[in-house]
Novice: 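Below is a structure I'd like to ask you about.
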Amino acid sequence: MRIMGLDIGETRIGIAVCDPGERVASPVCVLPASEVLGGAKSFKRVLEDWEPELLLCGLPYTMAGAEGPQAARIRETAGRIGRACDIPVEFADERLSSQEAKRSLREKGLSERDMRGKIDMIAASLFLQAWLDARRNGER
């Protein structure tokens, strides 16, 4: 099954996908949130290219394990995207995924400016990969 990870932000949405065997998550792109929510051609093309059967959306948790302050907005936004695409939605813990994405890009020598368009899709691939690994290991 092809799963698409969405790192939903107010301005941008990072997109990642896994292979059909659900082993490896890969970053795809970052789109303006308005294009994804508006069903723009750019987002429709991503859906057509990858044909996901499930949308896995990152949900911010606090370090204590409770849903963070943005969680309700993300749940609502994810629901709207899922209904518009007619694709089921699930949620994954995205705690620290953006920080890990920044660290990874910094290690590759990217500046803050160069990172700007990449962090969200890398973060989406990180929480998608963690979710796939947990599922494969029977933790989900």
Side-chain angles (χ1 to χ4, degrees):
M1 170 166 64
R2 178 92 62 189
I3 301 166
M4 181 173 283
L6 300 178
D7 184 23
I8 299 171
E10 291 183 39
T11 307
R12 292 178 296 276
I13 296 181
I15 300 172
V17 296
C18 73
D19 64 294
E22 299 179 24
R23 298 226 172 260
V24 179
S26 302
V28 173
C29 65
V30 176
L31 293 175
S34 59
E35 289 183 16
V36 175
L37 291 169
K41 197 178 288 186
S42 57
F43 185 56
K44 287 180 180 175
R45 170 142 322 165
V46 171
L47 292 173
E48 289 169 8
D49 287 350
W50 295 102
E51 299 179 337
E53 298 172 59
L54 175 69
L55 299 177
L56 183 71
C57 301
L59 201 59
Y61 285 86
T62 65
M63 293 312 286
E67 287 190 9
Q70 294 291 320
R73 181 187 62 77
I74 289 172
R75 282 187 182 280
E76 189 272 326
T77 301
R80 285 176 42 208
I81 295 168
R83 285 188 299 277
C85 305
D86 196 28
I87 300 173
V89 173
E90 286 192 31
F91 296 93
D93 184 351
E94 71 164 16
R95 242 181 307 192
L96 303 177
S97 61
S98 293
Q99 289 86 342
E100 178 65 21
K102 282 183 185 179
R103 187 190 61 73
S104 172
L105 291 170
R106 241 184 245 114
E107 285 177 359
K108 293 179 179 168
L110 272 73
S111 68
E112 288 290 324
R113 184 175 180 205
D114 292 336
M115 282 188 231
R116 201 168 296 139
K118 296 175 177 63
I119 293 169
D120 302 304
M121 68 178 177
I122 302 289
S125 71
L126 290 171
F127 68 71
L128 175 55
Q129 186 67 56
W131 187 87
L132 292 170
D133 293 344
R135 190 160 121 159
R136 193 169 40 255
N137 294 330
E139 298 165 23
R140 278 207 46 78

Novice: Please find the pair of heavy atoms, one from L132 and one from C18, that lie closest to each other, and give the distance.
Specialist: CD1-CB, 3.5 Å
Novice: Could you grab the distance from atom CH2 of W131 to atom CD of E22, nearest 0.5 Å is fine?
Specialist: 6.5 Å
Novice: Evaluate whether atom CZ of R2 has more than 12 neighbouring non-hydrogen atoms of other residues, nucleotides or ligands under 6.0 angstrom away.
Specialist: yes
Novice: If I compare all heavy atoms of V89 with all of C57, which pair ends up nearest, and what's the gap?
Specialist: CG1-SG, 3.9 Å
Novice: Not counting sequence neighbours, which residues clear salt bridge (charged side-chain N to carboxylate O under 4.0 Å, His left out) with E67? List them please.
Specialist: R75
Novice: Would you name the heavy atoms of G58 and F127 that are closest together and state the gap between them?
Specialist: N-CZ, 3.2 Å
Novice: To the nearest 0.5 Å, how far apart are CZ in R73 and CD1 in I8?
Specialist: 8.0 Å
Novice: If you take all heavy atoms of D7 and A123, which pair is closest and at what distance?
Specialist: OD2-CB, 3.5 Å
Novice: How close do A124 and G5 get, heavy atom to heavy atom, and via which atoms?
Specialist: CB-O, 3.9 Å
Novice: Say you draw a straight line from CG of L126 to CD1 of I119; how long is it, rounded to the nearest 0.5 Å?
Specialist: 11.5 Å
Novice: Return the minimal non-hydrogen interatomic distance between A71 and P60, and the atom names on each side.
Specialist: N-CG, 4.0 Å
Novice: For E53 and M4, indicate whether the former's side chain and the latter's backbone hold a donor-acceptor pair under 3.5 Å.
Specialist: no
Novice: What do the steps show when you test I3 against V17 for side-chain contact (heavy atoms from CB on, under 4.5 Å), and what is the final call?
Specialist: CA-CA 6 Å; I3 301 166; V17 296; over 6 Å; no
Novice: CG/L55 to CD1/I87 distance, rounded to the nearest 0.5 angstrom?
Specialist: 4.5 Å
Novice: Using 0.5 Å steps for rounding, measure from the CD1 atom of I81 to the CD atom of E76.
Specialist: 9.5 Å
Novice: Side chains of residues 29-52: which donor-acceptor partners sit under 3.5 Å, not counting sequence neighbours?
Specialist:
from	atom 1	to	atom 2	distance (Å)
E35	OE1	S42	OG	2.4

Novice: How long is the gap from OG1 on T11 to CG on D120, to the nearest 0.5 Å?
Specialist: 9.0 Å
